[in-house]
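Notes to accompany the following structure.
Per chain, numbering begins at 1; letters A, B, ... match sequence-line order. The analysis underlying the following values was restricted to heavy atoms, covering all of them including side chains, and did not include hydrogens, waters or symmetry mates.
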Amino acid sequence: MPDPYRIWLSEVMLQQTTVAAVKDYFLKFTTLWPTVQDLAAAEDADVMAAWAGLGYYARARNLLKCARVVAAEYMGVFPSDRDSLQTLPGIGPYTSAAISAIAFDLPETVLDGNVERVMARIHAIETPLPTAKPELMALAQALTPLKRAGDYAQAVMDLGATICTPKNPVCGICPWRDGCEGHATGIAPELPRKLAKKAKPTRRGIAYVLRNSNGDWLLETRPEKGLLGGMLGWPGSDWSEAPVAAPPVSTGWEAAGMEVRHTFTHFHLILEVMTARADIDPDIGKFVPHHAFRPSDLPTVMRKVFDVAKHRFE
DNA sequence: CACGCGTGGGA
DNA sequence: TTCCCAAGCGT
């Protein structure tokens with residue numbers, strides 16, 4: 001049997017994330033924390049730092065919560081049934097089915113974006129997502145085998161990731177081409193249809209990068225909830241149309257000269273970067289010693305700020 | 001239940 | 001440059 005801990009970890013990392021992006025993180029996590037008990041015993045800050053750059057940071061917070069529940073209430077043994085799995089933090093309909101099927105060989109139907117796309121195409125479903133989801137689930141259930149449902153699920157997901165791709169599907173080499181109604185009618189590449197998305201607004205903000213005379217960096221741990229929750233970051237203004245400057249100390253701030261641009265799920269952000277050196281005790285955050293500071297512990301937008309600011313201290 | 005929540009890569 | 005995403009979940 002595959003190690004349920006590793007299946008769970010990989011499935012959570014793969015939520016809305018490509019295999020290429022996950023690979024190194026999976027190796028890092030399994031090296032640092034080989035078992036769910038090891039992960040459960042880890043420091044929050046270490047787990048968040050190890051997750052930095054992978055995005056959707058609520059996944060990391062829930063990952064740790066889940067590990068601690070499994071360690072404390074399940075004696076370190078993951079449950080095998082969907083219903084129990086789905087009560088755990090960060091495990092929803094997709095992940096519970098994937099763990100049941102892949103780790104425990106139970107005949108659960110795994111429905112992710114790949115399976116939705118493959119089902120929509122082979123059955124030529126023109127109903128747009130998310131409306132079509134229940135229909136696609138029923139079609140996926142009808143095809144799920146009683147044996148090796150996990151292998152089957154991974155095969156369909158691999159098909160969706162490599163051949164039945166969102167754009168430019170390679171129908172010429174597809175093993176399901178003959179039975180594919182979408183291919184027969186020539187609309188496969190357009191499926192699944194989706195409702196139009198909202199445009200992303202642009203917000204602005206100011207980030208403050210402060211070092212003291214020891215070379216330590218002023219950073220804050222962001223609140224648990226919300227954007228970049230629980231992650232390290234530079235103190236700054238709010239992010240809005242008209243940000244209100246809020247430097248952590250009153251001193252001679254200088255603009256770094258280059259803006260940082262970053263796009264989140266639902267808005268574009270343009271950050272002005274201000275830098276200063278001062279030994280004033282700040283109200284916000286705390287100085288991280290020079291030797292303990294690793295830019296790789298920061299979420300990507302904060303690492304971009306560092307990349308712009310660091311030249312000011314050379 | 002619609003929305004908030006990251007990132008890097010490809011077209 | 002800009003847009004589209006990719007193995008979803010929580011609220």
Side-chain angles (χ1 to χ4, degrees), chain A residues 6-26 48 51-63 65-66 85-103 108-119 129-131 133-134 136-137 140 150-162 164-169 189-190 192-203 222-231 233 239 260-270 296 298-304:
Chain A
R6 288 173 173 252
I7 301 300
W8 162 71
L9 178 60
S10 63
E11 291 301 340
V12 172
M13 286 184 169
L14 285 165
Q15 290 167 6
Q16 298 288 283
T17 310
T18 59
V19 172
V22 162
K23 191 180 173 190
D24 289 346
Y25 286 88
F26 182 78
M48 299 312 288
W51 194 279
L54 195 53
Y56 283 135
Y57 297 100
R59 291 185 297 170
R61 302 194 299 274
N62 286 327
L63 188 83
K65 284 183 195 167
C66 181
L85 285 165
Q86 215 164 309
T87 66
L88 297 168
I91 299 183
Y94 163 76
T95 307
S96 63
I99 296 172
S100 278
I102 296 169
E108 298 291 353
T109 297
V110 176
L111 187 68
D112 72 335
N114 288 307
V115 179
E116 287 177 355
R117 185 168 59 255
V118 172
M119 292 300 116
L129 285 170
T131 310
K133 194 155 182 165
L136 298 173
M137 179 51 139
D151 288 341
Y152 165 78
Q154 293 190 85
V156 178
M157 290 190 282
D158 284 345
L159 182 74
T162 60
C164 197
T165 47
K167 286 179 266 189
N168 306 317
E190 304 165 25
R193 303 200 191 282
K194 295 183 179 179
L195 267 26
K197 298 181 177 176
K198 287 187 196 172
K200 290 179 183 180
T202 297
R203 300 184 190 171
R222 298 171 61 86
E224 281 289 305
K225 297 200 172 189
L227 191 64
L228 308 179
M231 299 300 293
W239 296 345
V260 163
R261 289 170 182 271
H262 190 76
T263 299
F264 292 101
T265 313
H266 53 296
F267 66 94
H268 303 290
L269 177 65
I270 301 173
S296 61
L298 302 174
T300 298
V301 65
M302 298 298 176
R303 189 175 44 69
K304 287 183 181 176

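Taking atom CD1 on A/Ile91 and atom C1' on C/dC9, their separation rounds to 11 Å, with Å as the unit. Regarding A/Gln15, its CD atom lies at a distance of 5 Å from the C1' atom of C/dG8, rounded to whole Å. Between the P atom of C/dC5 and the NE2 atom of A/His266 lies a distance of 17 Å, rounded to the nearest Å. In this structure, A/Trp51 places its CH2 atom 13 Å from C1' of B/dC5, rounding to the nearest Å. Separating the CG atom of A/Leu269 from the P atom of B/dC5 is a distance of 12 Å, rounded to the nearest angstrom. In this structure, A/Arg222 places its CZ atom 16 Å from P of B/dG4, rounding to the nearest Å.
Contact annotation: A/His262 reaches the phosphate of B/dT7 (side-chain N/O to OP1 or OP2, under 4.0 Å). The phosphate of B/dT7 (OP1 or OP2) has a side-chain N or O of A/Tyr57 nearer than 4.0 angstrom.
Each of A/Gln16 and A/Lys225 has a nearest nucleotide on DNA chain C; the 5'-most of these lies closest to A/Gln16. Sequence order on DNA chain C of the closest nucleotides to A/Thr95 and A/Thr18 puts A/Thr18 first from the 5' end. Comparing A/Gly226 and A/Pro130, the nucleotide of DNA chain B nearest to each residue sits closer to the 5' end for A/Pro130.
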Bracket string, DNA chain B, 5' to 3' - pairs by Watson-Crick or G-U geometry under 3.5 Å, | interstrand: .||||.|||||
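Only one option out of A/Leu88, A/Ile99, A/Leu85 pairs with A/Trp8 in a side chain to side chain contact (heavy atoms under 4.5 Å, CB included); it is A/Ile99.
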Could you list, one pair per line, each protein nitrogen or oxygen that sits under 3.5 Å from a nitrogen or oxygen of nucleotides 9-11 of chain B, together with the distance?
none

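No cation-pi contact links A/Arg261 to A/Trp239, judged by a cut-off of 6.0 Å to the six-membered ring centre and 45° from its axis.
Taking every side-chain heavy atom of A/His268 into account, C/dC3 is the closest of C/dC3, B/dG6, C/dC5. Closest approach to the A/Asn62 side chain among C/dG10, B/dG8, B/dG6 is made by C/dG10 (side chain taken as heavy atoms from C-beta onward).
Within 6.0 Å of NZ on A/Lys200 lie more than 12 heavy atoms contributed by other residues, nucleotides or ligands.
As rounded to the nearest Å, B/dG8 and C/dC9 have P atoms that lie 22 Å from one another.
Looking only at atom types and distance, the side chain of A/Ser96 has a donor-acceptor partner in the side chain of A/Gln86 under 3.5 Å away.
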